[in-house]
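Right, one structure below, let's go through it.
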There are 2 protein chains.
Amino acid sequence: MQFFILAILVNLMYVSFMSTTDTSLHIAAVERDTGIPKDTLRVWERRYGFPRPMRNDHGERTYPLDQVATLRLVKQLVDSGYRPNRVVGRDEGELRDLLGAAETTPGPDLSAEAQGIVDALRRQDLAHVQETLRGLLMRRGLERFVIDTLAPLASAIGDAWAGGRLAIHEEHLFSEQVDRLLSQAISQLPVQNDRAPTLLGTLPGELHRLGLRMVESLFAVRGLPCISVGPDVPVDQLVDASRGHQAGCVALSISACGATPSAARAVLDLRNQLSNETMLWLGGRGASRLRPRPPAVVEVFETLPELAGRLDRT
Amino acid sequence: MQFFILAILVNLMYVSFMSTTDTSLHIAAVERDTGIPKDTLRVWERRYGFPRPMRNDHGERTYPLDQVATLRLVKQLVDSGYRPNRVVGRDEGELRDLLGAAETTPGPDLSAEAQGIVDALRRQDLAHVQETLRGLLMRRGLERFVIDTLAPLASAIGDAWAGGRLAIHEEHLFSEQVDRLLSQAISQLPVQNDRAPTLLGTLPGELHRLGLRMVESLFAVRGLPCISVGPDVPVDQLVDASRGHQAGCVALSISACGATPSAARAVLDLRNQLSNETMLWLGGRGASRLRPRPPAVVEVFETLPELAGRLDRT
DNA sequence: GAGATACGAATGTCTAGGACAAATGCAGTT
DNA sequence: AACTGCATTTGTCCTAGACATTCGTATCTC
């Protein structure tokens with residue numbers, strides 16, 4: 001009996017001070033889950049009539065889960081170049097059609113093994129994922145594995161996640177596996193310690209380590225020293241670290257959803273604060289989409305082979 | 001000549017539409033660099049008269065760099081328990097004194113090697129850090145290394161970071177190194193695949209992978225299967241993943257700064273949605289500090305040896 | 001004296017519209 | 001085909017008010 005009363009109490013407290021129930025999220029949670037800033041969520045509502053959140057007891061916005069799902073699709077489309085007035089407010093079906101059209105554009109002609117990995121992820125068949133990846137790495141070698149296998153695979157998985165065909169935890173799991181595999185491979189390669197190292201990292205808010213690790217691999221196969229400070233590093237810390245390690249170059253990985261104005265500003269700030277001798281390189285899907293564009297002294301690499309070519313010329 | 005005109009143009013554009021010059025930052029940049037939300041910056045200004053930004057031509061706030069530096073100190077103090085009205089508005093000297101006082105309190109009795117690692121980090125001597133860690137792991141074995149070396153070392157480094165004696169990027173670098181070392185060690189150990197696996201992760205907002213990896217190590221030395229979905233995983237994803245992998249147990253790592261009310265709510269929510277046969281374990285410094293406390297069926301481990309003991313009894 | 005309870009102050013985050021510069025799209029011109 | 005100028009779109013900032021939760025402290029009870 002007492003247990004039940006307690007349970008009810010807990011439940012009441014939960015609903016009242018959460019502002020987040022099983023079926024709806026409050027605005028901060030939506031910002032976190034979709035990556036759309038609060039200000040933008042409010043202004044879209046005012047201008048386009050979508051999203052149309054409910055209100056809780058305090059008059060605060062409360063977003064039903066299906067609207068959050070739609071917002072994720074919208075974000076995906078906006079990130080890939082659509083303008084908000086074309087996509088905000090459309091229903092989910094239309095959005096999926098647009099996304100489908102955009103998706104087939106690159107034609108990520110996956111190899112049989114890569115397709116097998118996506119399927120295994122969906123079946124939660126971890127062992128199969130691990131074995132296939134390991135086998136591919138061994139057969140192709142680190143560089144070809146990263147460029148020919150991992151890059152298309154990662155983008156296919158990103159699309160599958162955005163399109164709802166793969167759960168977040170499945171994508172997390174894939175990242176974990178690949179990260180471990182690459183780490184191991186990298187640490188087995190010798191390094192030329194007489195060269196100035198490159199500092200590797202991502203900007204604040206950017207949490208994807210995978211791109212970082214792939215870039216690190218390209219450095220590693222050439223024996224180029226390279227220090228990864230990991231994801232989510234503030235600008236002033238990158239500056240400090242580049243001084244501390246006497247880095248000849250700072251290389252940032254910017255994912256598609258990381259190409260925000262605030263990232264563009266961060267790049268400018270960084271370029272201004274770095275010494276003139278230190279190069280600044282940007283890579284990743286989002287690198288060429290930064291607006292405003294970084295100054296010309298900042299080198300942008302659209303693809304991994306481009307970066308590999310640059311490394312060979314060094 | 002053309003180059004100079006271009007340079008001037010770039011510079012003008014930069015100053016005009018960035019609202020960020022060499023000597024001051026606008027509000028979004030301050031949020032990015034200090035981690036203090038924009039709303040909070042504005043409300044501190046209204047309430048405490050600090051920070052006191054200048055205004056640019058459009059009436060937007062423009063924060064001088066020295067105020068940003070002070071804000072960073074304030075943020076550290078607030079994170080370590082001081083209340084804003086005690087620290088916001090104090091001058092930099094006072095803040096440094098407070099930080100210094102907090103610093104000496106714990107006085108963790110580090111081994112010579114561990115102290116050596118902290119020093120090497122501060123000297124940016126990456127090679128020394130790597131070699132020392134590798135050596136300690138080999139000499140002590142994975143379990144003793146994690147419990148006796150890494151645990152105190154990680155907490156010393158956390159303190160040093162909070163006290164401003166270690167830069168963020170130095171702490172990031174340490175995490176990267178240890179993560180790689182542990183990953184490698186773990187993947188070399190055999191696993192009993194006939195047991196139900198444990199799902200490992202952290203809650204949304206919690207980005208520390210190190211604790212996760214240390215726990216994974218304890219599972220690995222016993223051959224217990226264990227799937228790490230990585231940090232920052234939403235509750236519904238943990239539920240899905242535990243079903244998909246038929247996990248017997250979900251184990252969460254909660255760091256000191258992760259013990260927020262929202263984390264406590266997430267734990268409750270998670271326990272409600274998991275099947276009754278699935279255990280829920282919490283570990284890490286923050287686990288026992290959750291308010292409201294999780295129900296008794298949730299097992300909380302204050303220390304790694306406790307967890308190790310529990311694993312041996314399984 | 002230790003521990004629980006109650007109350008006031010402190011604190012972060014939400015709300016509403018309004019405003020405006022920069023980016024984009026488009027028409028017209030060289 | 002490339003450039004120029006104008007209108008629209010868009011994200012972010014602004015002010016100022018509100019309020020639930022948390023923290024500190026004073027009071028009460030065992």
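So you know, we letter chains A, B, ... as the sequences are listed, proteins then strands, and number each from 1. Computed from heavy atoms alone, side chains included, the values below leave out hydrogens, waters and symmetry copies.
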- Message: For D:dG11 and A:Trp44 - does any side-chain N or O of the residue sit under 4.0 Å from the phosphate oxygens OP1/OP2?
- Response: yes

- Any side-chain donor near an acceptor of the partner, A:His169 and A:Glu171, under 3.5 Å: no

- Distance check: side-chain N/O of A:Tyr48 vs OP1/OP2 of D:dT10, anything under 4.0 Å? yes

- Message: At less than 4.0 Å, is any side-chain N or O atom of A:Arg86 found next to OP1 or OP2 of D:dT10? Yes or no.
- Response: no

- Query: Given side chains that start at C-beta, do those of A:Arg271 and A:Val297 come closer than 4.5 Å, heavy atoms only?
  - Reply: yes

- Message: Whole angstroms only, please: what is the NE2-C1' distance between A:His58 and D:dG17?
- Response: 16 Å

- Message: Does D:dT10 have its OP1 or OP2 closer than 4.0 Å to a side-chain nitrogen or oxygen of A:Thr40?
- Response: no

- N or O in side chain of A:Lys38 less than 4.0 angstrom from C:dT13 OP1/OP2: no

- Query: Pick the nucleotide of DNA chain D nearest each of A:Asn85 and B:Val43; which residue has the one closer to the 5' end?
  - Reply: A:Asn85

- Query: Between the side-chain atoms of A:Arg42 and the base atoms of D:dG11, is any donor-acceptor pair under 3.5 Å?
  - Reply: no

- Message: If the threshold is 4.0 Å, N to carboxylate O, is there a salt bridge linking A:Asp79 and A:Lys75?
- Response: yes

- Item | Sugar-phosphate, base or nothing in reach of B:Asp39, heavy atoms under 4.0 Å | base

- Task: State whether the distance check finds a donor on one side and an acceptor on the other, under 3.5 Å, for side chain B:Arg83 versus base D:dG24.
- Result: no

- Message: For a quick check of understanding: with a heavy-atom distance under 4.0 Å over all strands, which category does A:Arg55 fall into, base, sugar-phosphate or nothing?
- Response: sugar-phosphate

- Looking only at non-hydrogen atoms, find the nearest pair between A:Val300 and A:Pro294 and report the distance. CG2-CG, 4.5 Å

